[in-house]
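Reckoned from all heavy atoms, side chains included, excluding hydrogens, waters and symmetry mates.
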Amino acid sequence: MIHPDNSIHPDLSLTEKQDYPSAIVGYDGTIQKGTHYDRHRHRRAQLFHIVSGAVTVETERGTFVAPPERAVWIPCDVDHAVTYLQDTRQRFLFFRPEAVSHLPAAPAVIRLSPLLRELILGFLGYARDAATEGPAARIGAVIIDQLATERAAPLHLPMPASRRLRDAVGALVADPCSRNNLADIAAMAALSERSFERHFRVETGMSFRAWRQQARLMKAVEWLSLGVPVGDIAERLGYEQPSAFIAGFRKAFGVTPGRYFSDGS
């Protein structure tokens, strides 16, 4: 059972001297589809656990999709914007910087093991003023240890650093099914196809073709979380046969679309 303290969002504007004494502060709540928060940052690192629903989180590094039973890791003082794709139940953990200095310094979507999910739920059962010592503090320490072992999920779409490349591909993030080809996108950036490909690879670490495929797979995960049938997703994404989509999805995520959520992969 969630303690009533943790149904109230913590005050993240507190200075270091004013801050909560515990290494971890938790929150459990729901939010409506379509809610959007513009770019912001907080001193504490954040684990953004999606229980049900789905969100996108935008950072300078790129866009992340977090479907159910995944979490976004947001390090301290990282600018991020959040858009809720559907009604969402979420659990947040906010960490003092010194407690997670050994954890990754870049945002990522991570898989949550059944153990870690239960630990988070157990931690949220304690009052906030009980989290500095005793069982709650020990559970918190195990959570931090477990976070160091969780694998990143391939739900990150890197964005180019330069404004003209970002503007050229921006519409593809929302609609990766667009019929615009490489020549069209390069023209939007006022570059030749070869120059666009060269700059794009330098800025994202991916070829444009691989990046576009990743954008489509992320959209597929988003639609799966909304309950869209696999056959409909394959058709929307332009696959001639659902089997081709399923094979590409399995190659990227290790499981078929139909088993993606049930396996907790």
Please name all residues satisfying ring pair (Phe, Tyr, Trp, His ring centres under 6.0 Å) with H156, sequence neighbours left out, ordered by chain then number.
F64
Common cluster, V25/L103, ILVMFWY with side-chain heavy-atom separation under 4.5 Å:
no
Decide yes or no for V169 and F208: does some side-chain heavy atom of the first lie under 4.5 Å from some side-chain heavy atom of the second?
yes
Any side-chain donor paired with an acceptor under 3.5 Å for S207 and E197?
no
Rounded to the nearest 0.5 Å, the CD atom of E16 sits from the CZ atom of R44 at a distance of 10.5 Å
What I want to find out is whether R39 reaches E60 closely enough, with some N-O distance under 4.0 Å, to be called a salt bridge.
yes
Would a 4.5 Å heavy-atom cut-off, applied to side chains only, mark T88 and T30 as touching?
no
Is there a donor-acceptor contact under 3.5 Å from the side chain of W73 to the main chain of Q46?
no
So does D167 pair up with R163, basic N to acidic O under 4.0 Å?
yes
How close do P242 and G231 get, counting heavy atoms only, and between which atoms?
CG-CA, 4.4 Å
Using a strict 4.0 Å threshold on nitrogen-to-oxygen distance, state whether R43 and D19 make a salt bridge.
yes
Between T59 and H80, is any side-chain donor less than 3.5 angstrom from a side-chain acceptor?
no
Got a salt bridge between K219 and E222, using NZ or NE/NH1/NH2 to carboxylate O under 4.0 Å?
yes
Side-chain (S195) to main-chain (S192) donor-acceptor, under 3.5 angstrom:
no
Determine whether L116 and L147 make a side-chain contact, defined as any pair of heavy atoms from C-beta on separated by less than 4.5 Å.
yes
When you measure from the side chain of Y27 to the backbone of D5, do you find a donor-acceptor pair of N or O atoms at a distance under 3.5 Å?
no
Would you say D38 and H40 are linked by a side-chain donor-acceptor pair, where the criterion is simply a distance under 3.5 Å?
no
Among all residues two or more places apart in sequence or in another chain, which pass the side-chain hydrogen bond (donor to acceptor under 3.5 Å, both in side chains) test with D79?
R41
According to a hydrophobic-cluster definition based on side-chain heavy atoms being under 4.5 Å apart (Ile, Leu, Val, Met, Phe, Trp, Tyr only), do M206 and L191 belong together?
yes
Heavy-atom closest pair, residues L47 and A71:
CD1-CB, 3.8 Å
Over 12 foreign heavy atoms within 6.0 Å of CD, E235:
no
For the aromatic rings, using the six-membered ring if either is Trp, is the centroid distance between H42 and F94 under 6.0 Å?
yes
Residues D28 and R89 bridged, charged N to O under 4.0 Å
yes
Could you check whether any side-chain N or O of T35 sits under 3.5 Å from a backbone N or O of I31, counting only pairs where one atom can act as donor and the other as acceptor?
no
